[in-house]
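Presented below is the structure to which this report refers.
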Amino acid sequence: MKFLDYRVSVTRDSDTGQLVAQIPSLGIADYGKDLADALSNLDEMLRFHLESLQKEGKRIPKERHTKEGFYLRRKASRSCRLNPYGRVK
């Protein structure tokens, strides 16, 4: 079984005070009232993003653990095409 791990960065929005969780390598982000909420929302966004790429026949970017930090993990479907260079093809 393959897993996809993506590094997450978290910041606080100075206007709303909410936490913003993002996956820089994919260019996606979501927010929440606390860390658990922000990560849960980002995980749902990640699932949607990866499914959309797969439906469009694009390669799923794969990120390497090169930096310390938090990572979200998703199970890769059997039919997804992984791109080891982190770019969508």
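The analysis underlying the following values was restricted to heavy atoms, covering all of them including side chains, and did not include hydrogens, waters or symmetry mates. Here, residue 1 is the first one in the sequence, and each next residue gets the next number.
Between the side chain of S52 and the backbone N or O of F48, at least one donor-acceptor pair lies under 3.5 Å. Side chain of R12 to backbone of G17: a donor-acceptor contact under 3.5 angstrom is found.
Rounded to the nearest 0.5 Å, atoms CE (M45) and CD1 (I28) are 6.5 Å apart. The CG atom of N41 sits 8.5 Å away from atom NZ of K33, with the distance rounded to the nearest 0.5 Å. Put simply, CG on L42 and CG on D37 are 11.5 Å apart, with the number rounded to the nearest 0.5 Å. Once rounded to the nearest 0.5 Å, the distance linking CD1 of I60 with CD of Q54 reads 5.5 Å.
When each of L72, L50, L46 is paired with L4, the side chain to side chain contact (heavy atoms under 4.5 Å, CB included) condition holds for L50 and for no other.
Under the 4.5 Å side-chain criterion, counting only non-hydrogen atoms from C-beta, L53 is in contact with P61. For the pair P24 and R7, the minimum side-chain heavy-atom distance is below 4.5 Å. Residues L19 and T11 form no side-chain contact, since every pair of their non-hydrogen atoms from C-beta on lies 4.5 Å or further apart.
A cation-pi arrangement, defined by a distance under 6.0 Å to the six-membered ring centre and an angle within 45 degrees of its axis, is present between R73 and F3.
Side-chain heavy atoms closer than 4.5 Å link hydrophobic residues (I, L, V, M, F, W, Y) into clusters, and following such links, possibly through other members, connects V10 to I23.
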Taking it one step at a time, do L26 and H49 satisfy side chain to side chain contact (heavy atoms under 4.5 Å, CB included)? CA-CA 9 Å; L26 297 178; H49 184 70; 4.1 Å; yes
Begin from the C-alpha positions of V8 and Y71 and carry the test side chain to side chain contact (heavy atoms under 4.5 Å, CB included) through to its verdict. CA-CA 5 Å; V8 175; Y71 285 79; 6.0 Å; no
